[in-house]
Structures are given as C-alpha cells and as structure tokens.
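Notes to accompany the following structure.
So that the names make sense, note that chain A is the first sequence line, chain B the second, and so on, each numbered from 1. In this text the structure is predicted, and so the values were computed from the model without any measurement.
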Protein chains: 2
Amino acid sequence: MTAHPESDTPAKPARERSTRQFQAVRDELARSGDFRSAQDIHAALRASGATVGLATVYRALQSLVDSGAADILRTAGGEAVYRECGDTHHHHLVCRSCGRAVEVQGPAVERWADDVADRHGFTDVSHTVELFGVCGQCQRQQQ
Amino acid sequence: MTAHPESDTPAKPARERSTRQFQAVRDELARSGDFRSAQDIHAALRASGATVGLATVYRALQSLVDSGAADILRTAGGEAVYRECGDTHHHHLVCRSCGRAVEVQGPAVERWADDVADRHGFTDVSHTVELFGVCGQCQRQQQ
DNA sequence: GTCACTGCAAACATTTTGCATGCTA
DNA sequence: TAGCATGCAAAATGTTTGCAGTGAC
C-alpha cells in the first residue's frame, strides 16, 4: 500500500513506433467507450481476426494509462478494467444481473468530490464513482 | 463480467462457532481502524505470536464482508484491502502518496445515487465512491 | 540495418479450494 | 461426540517479465 511519489521523470519513450497491434487495442477500447478488461479486449481482438498477444494488450493498455489516454479501475473481482479517457468525465450505472451499463453524468458528485477534497486539504483529486443495481428488465425476469 | 442473479438464498450459516483465530482477525482489523490487506493482517498476527493460516485470514475477512462487518476495497495495485465497517455508510478520501485515508460522509452522494438509479429504473442499488488525491503533508514534502 | 515492439511461455502475486485434522459447543 | 473451522498445500486467476524473432522507420 505504499504509493511512491514519482521522484523522477524517467526518460520513458512511451511508445515511439506505431504498430498495428497497438492501434488495434486503442481502437477496440475506443469502440465500446465502456470499461473493458484486458482479457476481454484480447478475446475481442482475437475474435475479430487480429493476431495480438495477451502480453501486448497489457502493455498497450499500460502505455495508454501512462500517457493519460486511458483510465484504469479495479472491479470488485480484482480485474483491472480500462476505459478510453475522453474529454467527458462520467460514471456508470451497471446492472448486477445482465451487466448492461448506463452512462450517467453527475455534476453534483463532481462538486461534492472537489468540495470534500478541498476541505481536507487534498489536491490533485480524482474520484471513482460506480453504481450497481438491477435493471428493470432483469427485475421482471427474476420475479 | 457476467454477474449471475442469486436465484437462491443459500442457507449460509455465516460462521457459527467463535474461534480464537476469527477473533484475532477481527481484533487486528479493529485495532488499526485503517485499510489493511489480508497479507498484512496475516503477517501482523504471525508477528504477534498468533498462529493463524493465511487461508483462514481470507476466510474470516470474507465472512466479515458478507455479514457487513467489514468493507472491502481494491487498491490500484490490485490488492484487496479490508476495513472494519461500522453501521454508518461512508466513503474514503485516500492519499495517493502516503496511503492515509480520511473517512467522509456524503449525504449528497447518497441522494444523487438513489435518484439516478431510480430515474433509470434500477433497484437494489449500491454504490462505490472513492476519492484519491495528495494530502497536504505529502504536497509539502514533494515540493 | 537498427532497435523498438511483439509473442510465447514462464514467472509472479494474490486469492480460492480440497481435504484431513482439531476444537468448540 | 458431531460438525464447523483450521491449516497446509495445490490450484486458479490475473498480470508481468525474459528473451528471441519480426517489422517499422
């Protein structure tokens, strides 16, 4: 649990050659716009005919996160999920049963987060807000 | 990522015997009041002379989470961390640098979450809200 | 032609599970 | 005494890394 401050600015080339595989990962992530696990992306690419190694997917995603082009988040199951980090910041309402995700905007939450952080003297604040529930359709099926 | 609906209400005994090991885990968790990883707790118990297996620590923590006595959270590193959870539902503002966590209450967020879920026809809603930032102390050290 | 990127597989870390034994009620 | 909880070790899962080969520039 010891997060280290980035004391150095390593001369990290951060990807200098653009390759088919890297593009494929980036595209796949952008296509859905939703949170996707590395394994998921890897499977999708394989299914669509692209030949990409799992390690490469991880490396590409890592690279995207490093460069700020993607967001990373951990699911309750311990999987890392990635999302293209566009300009619009939003959250998700995910159905526990069918997995469908609804995109939600929460100006109220944004404001609250900033306010709380400020009050405690924290800066450079980011936040994670995810809602889980059962959607109407699944409720009916379960009843 | 396919969450299955709990079609049954398994007669989960949820711990019927109180044992020294279980108490030890609960106590250790309560002692610090902060987020602790299973491995961390295991090491601490071993260090203090208690003989507790790692699997037992995991089982005890799982049990505490199931019964609502503990909160579980994933670190950026993918480790699961646990914290004693009182009756009050609250969130955390965690320092990215030193790991210190501040407990925050967010009635505004609770209301917003319920509202959003309701508007989309979702029921049985839970939510995850975590704030990350750099605390004042760490800011000064880094400058 | 060089060297970064890729792919495979092995290594790793964390968490879960199977099974024989111990201990609580 | 009966049966849940424990402990060990093996398995499972998700992710990272080493290294030789390939392809972009």
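When the nearest nucleotides of DNA chain C are assigned to Ala38(B) and Arg20(B) by heavy-atom distance, the more 5′-ward of the two goes with Ala38(B).
Thr19(B) has no side-chain polar atom (N or O) that falls below the 4.0 Å cut-off from OP1 or OP2 of dA5(D).
Between Leu54(B) atom CG and dA9(D) atom C1' the separation is 12 Å, expressed in whole Å. Rounded to whole Å, the distance from CD1 on Ile72(A) to C1' on dT16(D) is 13 Å. Straight-line distance from the CD atom of Gln23(A) to the C1' atom of dA24(D): 12 Å, rounded to whole Å. Atom CG in Leu45(A) sits roughly 12 Å away from atom P in dT6(C) (whole-Å rounding). Atom OH of Tyr58(A) and atom P of dG7(C) are 15 Å apart (whole Å). For the pair Glu79(A) CD and dA12(D) C1', the computed distance is 13 Å after rounding to whole Å. If you take CD of Gln21(A) and P of dG7(C), they are 4 Å apart, rounded to a whole angstrom. Distance CG (Leu61(A)) to P (dT17(D)): 15 Å, rounded to an integer number of Å.
Counting only heavy atoms from C-beta on, Val52(A) has its side chain closest to dG7(C) among dT15(D), dG7(C), dC8(C). Each of dT15(D), dT17(D), dT6(D) was ranked by its minimum atom distance to the side chain of Phe22(B); first place goes to dT6(D).
A distance of 13.0 Å separates OG1 of Thr56(B) from CD of Gln62(B), quoted to the nearest 0.5 Å.
A cation-pi arrangement, defined by a distance under 6.0 Å to the six-membered ring centre and an angle within 45 degrees of its axis, is absent between Arg36(A) and Tyr82(A).
Crowding of Arg26(B) atom CZ: a count of heavy atoms from other residues, nucleotides or ligands under 6.0 Å not exceeding 12.
Looking at heavy-atom distances under 4.0 Å, Gln39(A) makes contact with a base. In this structure, Ser37(A) reaches neither bases nor backbone, as no heavy-atom distance under 4.0 Å exists between it and the strands shown.
With hydrogens and angles left out, the side chain of Arg59(A) and the base of dG7(C) share a donor-acceptor pair within 3.5 Å.
Between the side chain of Ser63(B) and the backbone N or O of Arg59(B) there is no donor-acceptor pair closer than 3.5 Å.
Between His127(A) and His91(A), the ring planes lie tilted relative to each other; the angle falls in the 30° to 60° range.
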